[in-house]
Amino acid sequence: MANNAIEVDISSLTFETLDKIRGYLKRMIAAGGSDLHIKANAVVRARIQGEITPLSGEILSKEDALVFAKELLRTRFPEFVEKKELDLVYPYDDHTRFRVNIFFQMEGVSAVFRVIPVKILSLEELGLPLIIKKFTMIERGLILVTGVTGSGKSTTLAAMINEINWNKRKHIITVEDPIEFVHKDRKCIVNQRSIGQDTYSFGNALRAALREDPDIILVGEMRDRETIETALHAADSGHLVFSTLHTLDAKETINRIVSSFAIEEQPRIRLSLSSVLQGVISQRLVPTIDEKRVAALEVMVKTPYIAQLILENRDVEIRDAIEEGREIYGSQSFDQHLLELWDKKIIGTDEAFNYATSPSDLKLKMQGMGAKVGEGTPKKSGEGENMFDEDEIFQIKT
């Protein structure tokens, strides 16, 4: 509970420190960066083209970092002191917004600003496979977008919700922490709720959503068992549910969901998943030949065979089933998409190997296409997850 000792007198703030941070944000935007890192007793740094880069040699003192927190949060500063960390959205100007996480660490206050584009790119502008558009035409079930932090999950979800908003007459409810992309009502009614501001938790909001006449529900993240179970129930009761998980691929996604439950409950969860799960879109951002980033996608499409594999705990066979279903169902594995990006000369051979699920299999496929591929020591995609920590704004070249 806040007390008078931590209340902020807004009239006493000069906002000079916040203005200085805004200057760093401006420099980062101009350089095409994705994240600004503020840390007490350290220089300000930005992530530009995937690399952490100092923006100046000036050190932000512990005292200035605390003042910055007061100027940024204003009346929410007591809440920050109580919770020790906060998520919020900071509008820089009419064209740029940032998702911010501010937190205490051993030397004082730190914060990370991540760029959120105001414009929601369409599925076509992102160059996503046609099957992603087909997912937006489904009337009920569960669709998951997965990947490590910064792999573009929010961008893909926003494009899918935007597609529905322009083409269907539905009621869409989103539950996010915090709200990133703002959707205006087009053909749909869109109600967006932010954790902490509009509702206490994902679980509370999701249970309430079932009583609010929704057609489509977007859950920003399935963080716990309660949220997973409620999302499965919502999908099973005739709603279309979108959500995200921090998993590398479809096989790991199914394992993560099932393993969230006690062993005796897992057969029931597998039965539910095999029924309601319509698709899994997994993403990895891969450096391109022209020093940008491109999203490589694994897309699992529900088929009777996939449903059987999930039900019978044969997850290890899912990747082969995905590859075999490419021509008929539009599914694709990471390695199939990486091979396509490599063949189009969008990514180099080393990057294709480094991000492949099975580098040795990918090498054989390249050689089958007549390529002379060097030996090297390719690294599997599961090693060093920080290789994917990059801006959520991406565009696939076609």
Side-chain angles (χ1 to χ4, degrees), residues 1-30 33-47 55-56 58-118 149 154 158 174-184 191-202 204-205 220-221 223 392:
M1 182 69 65
N3 56 51
N4 292 334
I6 58 175
E7 294 290 344
V8 175
D9 180 7
I10 296 176
S11 64
S12 68
L13 299 175
T14 65
F15 296 96
E16 291 178 2
T17 307
L18 182 58
D19 285 342
K20 184 180 293 186
I21 300 303
R22 285 177 60 86
Y24 286 120
L25 289 171
K26 182 177 181 179
R27 290 174 58 187
M28 184 193 72
I29 294 168
S34 61
D35 299 83
L36 188 77
H37 290 257
I38 311 296
K39 180 184 177 183
N41 292 330
V43 298
V44 176
R45 295 175 170 90
R47 185 177 295 278
L55 292 186
S56 80
E58 181 182 0
I59 293 177
L60 186 72
S61 70
K62 183 175 181 179
E63 294 73 21
D64 283 346
L66 189 62
V67 170
F68 153 72
K70 292 178 179 180
E71 292 177 345
L72 177 71
L73 298 173
R74 305 189 186 194
T75 58
R76 293 192 68 187
F77 183 76
E79 181 186 358
F80 174 50
V81 173
E82 180 183 357
K83 295 182 177 179
K84 307 303 182 186
E85 59 205 358
L86 279 180
D87 288 310
L88 63 146
V89 171
Y90 178 69
Y92 177 81
D93 57 27
D94 291 341
H95 305 289
T96 310
R97 298 161 67 241
F98 292 89
R99 182 180 71 195
V100 185
N101 182 273
I102 184 168
F103 56 97
F104 284 104
Q105 42 86 19
M106 62 181 295
E107 295 186 60
V109 173
S110 281
V112 179
F113 288 72
R114 166 158 288 184
V115 176
I116 304 171
V118 172
T149 301
S154 297
T174 79
V175 186
E176 304 169 73
D177 184 21
I179 293 170
E180 297 185 18
F181 295 90
V182 176
H183 297 271
K184 297 181 180 179
N191 281 304
Q192 296 185 257
R193 307 189 70 195
S194 177
I195 302 297
Q197 178 177 318
D198 306 311
T199 183
Y200 287 113
S201 69
F202 281 111
N204 283 351
E221 184 181 344
R223 292 181 177 175
E392 290 197 347

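None of the values given here were measured: they were computed from a predicted structure.
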Considering all heavy atoms of both residues, which atom of Asn41 and which atom of Lys62 are nearest to each other, and what is their separation? OD1-N, 3.4 Å
Output all residues satisfying salt bridge (Lys or Arg N to Asp or Glu O under 4.0 Å) with Arg193, sequence neighbours left out; order by chain, then residue number. none
Apply salt bridge (Lys or Arg N to Asp or Glu O under 4.0 Å) to Asp177 and list each qualifying residue two or more places apart in sequence or on a separate chain. Arg223
Please report the shortest heavy-atom distance between Ser154 and Arg99, naming the atom on each side. OG-NH1, 4.4 Å
What distance separates Arg45 CZ from Lys39 NZ, expressed to the nearest 0.5 Å? 7.5 Å
In terms of heavy-atom contacts, Ala42 and Ile59 come closest through N-CG2, 3.5 Å
Donor-acceptor list for residues 101-108 side chains, cut-off 3.5 Å, not counting sequence neighbours:
| unit_1 | atom_1 | unit_2 | atom_2 | d |
| --- | --- | --- | --- | --- |
| Asn101 | ND2 | Asp87 | OD1 | 2.8 |
| Gln105 | OE1 | Glu107 | N | 2.9 |
| Gln105 | NE2 | Ser110 | OG | 3.2 |

Got a sec: does the CG of Asp19 have more than 12 other heavy atoms crowding it under 6.0 Å? yes
Side chain to side chain donor-acceptor pair (under 3.5 Å) with Asp9: which residues, sequence neighbours excluded? Ser11
For Lys26, check side chain to side chain donor-acceptor pair (under 3.5 Å) against everything at least two apart and list the hits. none
Carefully, step by step, assess Val182 and Arg97 under the rule side chain to side chain contact (heavy atoms under 4.5 Å, CB included). CA-CA 11 Å; Val182 176; Arg97 298 161 67 241; 3.8 Å; yes
For Asn191, the side chain to side chain donor-acceptor pair (under 3.5 Å) test, sequence neighbours excluded, returns His171
So, taking the atom named CZ in Phe113 and the one named OG in Ser34, what distance separates them when rounded to the nearest 0.5 Å? 14.0 Å
Looking at Phe202 and Val175, what are the two nearest heavy atoms and their distance? CE2-O, 3.2 Å
Mind running side chain to side chain contact (heavy atoms under 4.5 Å, CB included) on Tyr90 and Leu25 for me, showing each step along the way? CA-CA 11 Å; Tyr90 178 69; Leu25 289 171; 4.1 Å; yes
Listed by chain and number, what are the side-chain contact (heavy atoms from CB on, under 4.5 Å) partners of Ser56, not counting sequence neighbours? Tyr24, Arg27, Glu58
Do Ile195 and Tyr200 have side chains that approach each other closer than 4.5 Å (heavy atoms only, starting at C-beta)? no
Considering non-hydrogen atoms only, spot the tightest contact between Arg22 and Tyr92 and give its length. NH2-O, 3.2 Å
Let me have the donor-acceptor pairs involving side chains of residues 71-78, under 3.5 Å, with sequence neighbours excluded, atom names and distances please.
| unit_1 | atom_1 | unit_2 | atom_2 | d |
| --- | --- | --- | --- | --- |
| Glu71 | OE1 | Thr17 | N | 3.4 |
| Glu71 | OE1 | Leu18 | N | 2.8 |
| Glu71 | OE2 | Phe15 | N | 2.8 |
| Arg76 | NE | Glu79 | OE1 | 3.1 |
| Arg76 | NH2 | Glu79 | OE1 | 3.4 |
| Arg76 | NH2 | Glu79 | OE2 | 3.4 |

With rounding to the nearest 0.5 Å, note down the distance linking CD1 in Ile38 to CG in Leu60. 6.5 Å
Under 4.5 Å between any side-chain heavy atoms of Leu88 and Pro178, yes or no? no
Looking at His183 and Ala158, what are the two nearest heavy atoms and their distance? CE1-O, 3.4 Å
Hey, could you give me the CD/CZ distance between Glu176 and Phe181, rounded to the nearest 0.5 Å? 9.5 Å
